[in-house]
Amino acid sequence: MAAPDTRAVRSAGAQARTRAFRFLKGAAARLRHLVLIPILLLLWEGAVRSGLANPNIFPPPTAVFKATVDLAEAGLLWADIRASVLRVAVGFGLAAVTGISLGLLLAMNRKVAAYMLPLVEILRPISVIAWIPLAILWFGLGDHSAWFIIFIGGFFPIFTNAYTGACSVAPIHVQVSQCFGAGRWLFLTRVMLPTAVPYIVTGLRVGLGVAWTCVIAAELIAATSGLGYMIQLARSMVETEKVMSGMIVIGAVGFLMNSLMLWLEHALVGWKTPN
C-alpha cells in the first residue's frame, strides 16, 4: 500500500499533466485559426517568384522579413515602436481619463448634458485627419501634436460608451439608492460605476484601436520618429519592403494591444461574458 505522501505526489503530478494538456489543447485550438496566414504568405511568395507580381512594387515576404530583421538589428525598429507606443500611452491615457470622467459627470447632471451633447455630436464626426493641420499650427511638429490627434481620436468612443453606460442604470436601482439616502458620491461609486463598467471597457477597447490608427496618421505628417515616420521615410526612398515591414509591425503591435484589452475586459467584466 502506497504511503500518503507518495499518493499526494502522484496526485500533484496528475494535476500538473492535466493542466499542461489543457494548455496545449487550448493553444492548438487558437493556432488553428491562424492557418490562413501561412497559406497567404506562401501564395504571396509564389506570385512574386513566378513573375506574376513586380518585386519592386510588391516585394515577397522573404524580402519583407529580411528588411524587418535589418531594421531591428540596427535598432531603428525598436526605437520607432517605442516612440509610437509612448505617444499612444500619453494620448490614450488623457482621452481615457477625460472621456470617462466627463461621461459620468454628464450622466449625473442631465441639465448640463443637454448643453454639452450637441457640441460633442458636432465635433465627433470630424475626421482626425482634418485636425492634423490645426495640430501642427497649435503645437508644431513632434509629440505634442501627435498627443492631441490621439486624444481626439480616442476621446469620443470612450466618452460615448461611458455616458451611455452611466445612463443605463435601472430606475429601480436609482429608487432604491434614494430610499436609502445615498449621496451623489455613494451613488456614483456603488450604483452608476458598476453598471457603466462593461460599457467603459468596450469604449476603451474601441478607443485604443482608434488611437493606434491616429498615431500612425499623425506620424506620417507631423512627426520625426515612430512607425508612421518610418513608413513615410521608406516611401520617399522607394524602399517598398520597409514600407510593408512597417505595416506588418503596426498590425502586430495593434494585435497585441487588442489582446491586452481583451484580457482587461475578461478580468473586469468576465461575469458578463456568456459561456
Side-chain angles (χ1 to χ4, degrees), residues 77-107 116 119-121 123-136 138-166 193 196-232 246-269:
L77 181 62
W78 307 117
D80 287 326
I81 291 176
R82 183 169 58 253
S84 296
V85 170
L86 286 176
R87 289 187 181 115
V88 170
V90 174
F92 175 73
L94 293 173
V97 172
T98 307
I100 295 172
S101 302
L102 188 60
L104 296 176
L105 289 175
L106 291 185
M116 293 292 296
L119 177 61
V120 172
E121 291 304 317
L123 296 176
R124 186 167 62 90
I126 300 176
S127 170
V128 292
I129 304 298
W131 288 97
I132 292 179
L134 284 178
I136 296 175
W138 291 345
F139 305 105
L141 300 177
D143 289 341
H144 292 83
S145 58
W147 293 341
F148 175 75
I149 295 299
I150 297 164
F151 171 82
I152 291 293
F155 169 80
F156 292 104
I158 296 173
F159 165 78
T160 302
N161 279 272
Y163 179 77
T164 302
L193 189 58
V197 163
Y199 295 85
I200 291 173
V201 173
T202 300
L204 290 173
R205 182 183 172 193
V206 175
L208 181 60
V210 176
W212 183 242
T213 304
C214 291
V215 71
I216 303 304
E219 289 173 350
L220 284 170
I221 303 172
T224 56
S225 62
L227 292 171
Y229 174 76
M230 183 188 80
I231 290 176
Q232 179 70 1
M247 293 171 62
I248 292 174
V249 171
I250 289 169
V253 176
F255 178 81
L256 292 175
M257 287 184 172
N258 184 65
S259 299
L260 177 62
M261 292 305 301
L262 286 174
W263 174 84
L264 179 64
E265 182 177 14
H266 178 75
L268 293 179
V269 293

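Scope of the values below: all heavy atoms of this structure, side chains included, with no hydrogens, waters or symmetry mates.
Judged as a side-chain contact (heavy atoms from CB on, under 4.5 Å), and not counting sequence neighbours, the contacts of Ala95 are Phe151, Phe155, Ile158. Leu256 is linked by a side-chain contact (heavy atoms from CB on, under 4.5 Å) to nothing, counting only residues two or more places apart in sequence or in another chain. Annotation: side-chain contact (heavy atoms from CB on, under 4.5 Å) contacts of Leu260 (sequence neighbours excluded): Trp263. Partners of Arg82 by salt bridge (charged side-chain N to carboxylate O under 4.0 Å, His left out), not counting sequence neighbours: none found. Judged as a side-chain contact (heavy atoms from CB on, under 4.5 Å), and not counting sequence neighbours, the contacts of Ile248 are Val64.
Listed by first then second residue, pairs satisfying salt bridge (charged side-chain N to carboxylate O under 4.0 Å, His left out) with a partner in residues 144-155 number zero, not counting sequence neighbours. Pairs of residues two or more places apart, or lying in two chains, never qualify as salt bridge (charged side-chain N to carboxylate O under 4.0 Å, His left out) while including a residue from residues 249-263. For residues 246-259, the set of pairs meeting the salt bridge (charged side-chain N to carboxylate O under 4.0 Å, His left out) definition, not counting sequence neighbours, is empty. Applying the side-chain hydrogen bond (donor to acceptor under 3.5 Å, both in side chains) definition to pairs two or more places apart or across chains, those involving residues 140-151 are Arg87-Asp143. Listed by first and then second residue, the side-chain hydrogen bond (donor to acceptor under 3.5 Å, both in side chains) pairs that reach into residues 90-107 come to none, sequence neighbours excluded. For residues 199-213, the set of pairs meeting the salt bridge (charged side-chain N to carboxylate O under 4.0 Å, His left out) definition, not counting sequence neighbours, comprises Arg205-Glu265.
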Using atom types as modelled, flag every donor-acceptor pair under 3.5 Å from a side chain in residues 207-215 to any protein atom, sequence neighbours excluded.
| from | atom 1 | to | atom 2 | distance (Å) |
| --- | --- | --- | --- | --- |
| Trp212 | NE1 | Ile250 | O | 3.0 |
| Thr213 | OG1 | Gly209 | O | 3.1 |

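Across every non-hydrogen atom of Ser225 and Tyr229, the tightest pair is O-CB, 3.4 Å. Closest of all the heavy-atom pairs between Ala166 and Ala196 is N-CB, 3.6 Å.
At a threshold of 4.5 Å between non-hydrogen side-chain atoms, the residues Ile231 and Leu227 do not count as touching.
For the side chain to side chain contact (heavy atoms under 4.5 Å, CB included) criterion with Phe159, the lone passing option out of Leu104, Leu106, Ile100 is Leu106.
Ring geometry for Phe148 versus Phe139: interplanar angle of 30 to 60°, hence tilted.
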